[in-house]
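Note that the structure is a prediction, hence the values are computed from the model and not measured.
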Amino acid sequence: MAQWNAYYHNDEEEEEQEDGEQSRDYKVTGRDSLVFLVDASKEMFVKGEDGQPSNFDLSMQVVRSVYTSKIISSHRDLVALVFYGTEQSKNPSNSFKHVYVYHNLDEPGAKRVQEVDALQGEKGARLMEKTMGSGETSLGDALWCCANLYSDIKLRLSFKRLMIFTCRDEPHGGDTAKDRQARTKASDLKETGVFIDLMHLMKPGGFDVSTFFCDIISPDSEG
């Protein structure tokens, strides 16, 4: 599972360590990019024990933290938020069913933070149900959609990262055709330089990465 402290570190700390020179050169030559791919299945909205936040709320808290961190320290980086396993579909040309692009790859801003805030808590769950709902899952289509988001960007990107948030270790319920499609698309993404990481969330009985996601994530993304 990804260690977020290691990922969204403050760029200002790097500037201090390198006297600002390397950091400034880095920003001239390219930008970081990050796509959040978040499971919107019903399982994600189940509250934890003693009223603890749902896995979906925890995911949105991380998204919000990264958005605000980048606004402060590296506002030229590009971020996107995509939901999969939705009932409604919203993506370029609506080519992919059950995939909802909430934010295209673009620079973060206050409006996006507010929109993520609106998805949290009981009101957020109702808004999600009304706007997107929960439906079938095809992670392969979701990954394909994310690949298209990257291909539409004409800027030079120094680093391309895709982070999957889910509490389901078998998203297709044993559908081998969908599993195979997802593995193929993940391989295609990794060949184009996209680093795929996983934030596996709380699940009764534990989350078994070996059942499926070990073939999806990039090497060394665990740890």
Side-chain angles (χ1 to χ4, degrees), residues 1-3 7 33-46 55-56 58-59 62-63 79-105 128 132-153 157 159-223:
M1 185 174 66
Q3 299 299 316
Y7 177 65
S33 59
L34 171 61
V35 175
F36 292 107
L37 182 57
V38 181
D39 188 352
S41 64
K42 292 184 182 298
E43 293 92 326
M44 288 286 287
F45 292 90
V46 176
N55 283 322
F56 185 84
L58 293 173
S59 301
V62 173
V63 172
V79 289
L81 176 57
V82 180
F83 298 106
Y84 72 98
T86 58
E87 181 180 0
Q88 303 299 320
S89 306
K90 181 186 176 186
N91 50 79
S93 302
N94 282 328
S95 304
F96 306 104
K97 292 183 178 180
H98 311 296
V99 180
Y100 198 103
V101 178
Y102 196 67
H103 290 150
N104 282 302
L105 266 174
M128 280 290 299
M132 305 175 209
S134 296
E136 297 180 19
T137 293
S138 173
L139 188 58
D141 281 350
L143 293 171
W144 199 333
C145 179
C146 292
N148 287 352
L149 293 182
Y150 274 117
S151 65
D152 289 341
I153 297 298
L157 299 175
F159 191 69
K160 296 184 287 187
R161 189 185 194 101
L162 188 151
M163 170 63 68
I164 302 171
F165 290 75
T166 184
C167 63
R168 296 185 295 161
D169 48 16
E170 294 187 84
H172 306 124
D175 187 324
T176 56
K178 285 186 175 181
D179 284 354
R180 183 167 58 252
Q181 180 197 25
R183 290 187 180 102
T184 299
K185 204 62 217 175
S187 178
D188 292 344
L189 273 167
K190 287 181 279 191
E191 287 181 2
T192 64
V194 177
F195 188 93
I196 303 177
D197 214 336
L198 172 68
M199 179 68 81
H200 54 76
L201 300 160
M202 294 179 293
K203 173 182 179 293
F207 192 108
D208 188 355
V209 177
S210 67
T211 60
F212 172 73
F213 276 101
C214 61
D215 298 323
I216 300 298
I217 59 179
S218 296
D220 301 323
S221 64
E222 284 289 304

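Looking only at side-chain heavy atoms (C-beta outward), Tyr102 and Val38 stay at 4.5 Å or farther from each other. The side-chain heavy atoms of Ser151 and Asn148, taken from C-beta on, include a pair separated by under 4.5 Å. Val101 has its side chain out of reach of Phe96: every pair of non-hydrogen atoms, C-beta onward, lies at least 4.5 Å apart. Using a 4.5 Å cut-off on side-chain heavy atoms (C-beta onward), Tyr150 and Lys160 make contact. Looking at Phe56 and Cys167, their side chains never come closer than 4.5 Å, going by heavy atoms from C-beta outward. Side chains of Phe165 and Leu58 form no contact here, defined as non-hydrogen atoms less than 4.5 Å apart. Residues Ser33 and Ile153 fail the side-chain proximity criterion, which asks for heavy atoms closer than 4.5 Å. With contacts defined as side-chain heavy-atom distances shorter than 4.5 Å, the pair Asn55/Met202 qualifies.
Of all heavy-atom pairs spanning Met163 and Met199, the tightest one is SD-N, 3.5 Å. Scanning all heavy atoms of the two residues, the minimum distance from Asp141 to Val99 falls at C-CG2, 4.1 Å. Looking at every heavy atom in both residues, Thr166 comes nearest to Phe207 through O-CE1, 3.7 Å. Asn91 approaches Cys145 most closely through the heavy-atom pair CB-SG, 3.8 Å. Ser59 and Leu201 make their closest contact through OG-CD1, 3.4 Å (heavy atoms, listed as atom of the first residue, atom of the second, distance). The two residues His172 and Ala182 come nearest to each other via the heavy atoms CE1-CB, 4.0 Å.
Pairs passing the salt bridge (Lys or Arg N to Asp or Glu O under 4.0 Å) check and including a residue from residues 201-211, sequence neighbours excluded, read Asp169-Lys203. Residue pairs meeting the salt bridge (Lys or Arg N to Asp or Glu O under 4.0 Å) criterion with at least one partner in residues 80-103, sequence neighbours excluded, are absent.
Distance check: Gln88 CD to Ser134 OG gives 11.0 Å after rounding to the nearest 0.5 Å. Taking CG of Leu37 as the reference point, atom OH of Tyr84 lies at 6.0 Å (rounded to 0.5 Å). To the nearest 0.5 Å, the span separating CD on Gln181 from CG on Leu139 amounts to 9.0 Å. Note that the NE2 atom of His103 and the CZ atom of Phe36 stand 11.5 Å from one another [nearest 0.5 Å]. One finds the CG atom of Asp152 at 9.0 Å from the CG atom of Leu105 (value rounded to the nearest 0.5 Å).
Partners of Arg183 by salt bridge (charged side-chain N to carboxylate O under 4.0 Å, His left out), not counting sequence neighbours, listed by chain and number: Asp215. Partners of Asp175 under the side chain to side chain donor-acceptor pair (under 3.5 Å) rule, at least two apart in sequence or in another chain, do not exist in this structure. Applying the side chain to side chain donor-acceptor pair (under 3.5 Å) rule to Ser41 yields the partners Asp39, Glu43, Arg168; only residues at least two apart in sequence or on another chain are considered. Applying the side-chain contact (heavy atoms from CB on, under 4.5 Å) test to Ala40 and every residue at least two apart in sequence or in another chain returns Phe83, Thr86, Met128.
Under the 3.5 Å distance criterion, the side-chain polar atoms of Lys190 are matched with a main-chain donor or acceptor of Ile217.
Put simply, the residue from Leu189, Asp197, Val82, Ile216 that forms a side-chain contact (heavy atoms from CB on, under 4.5 Å) with Leu162 is Leu189.
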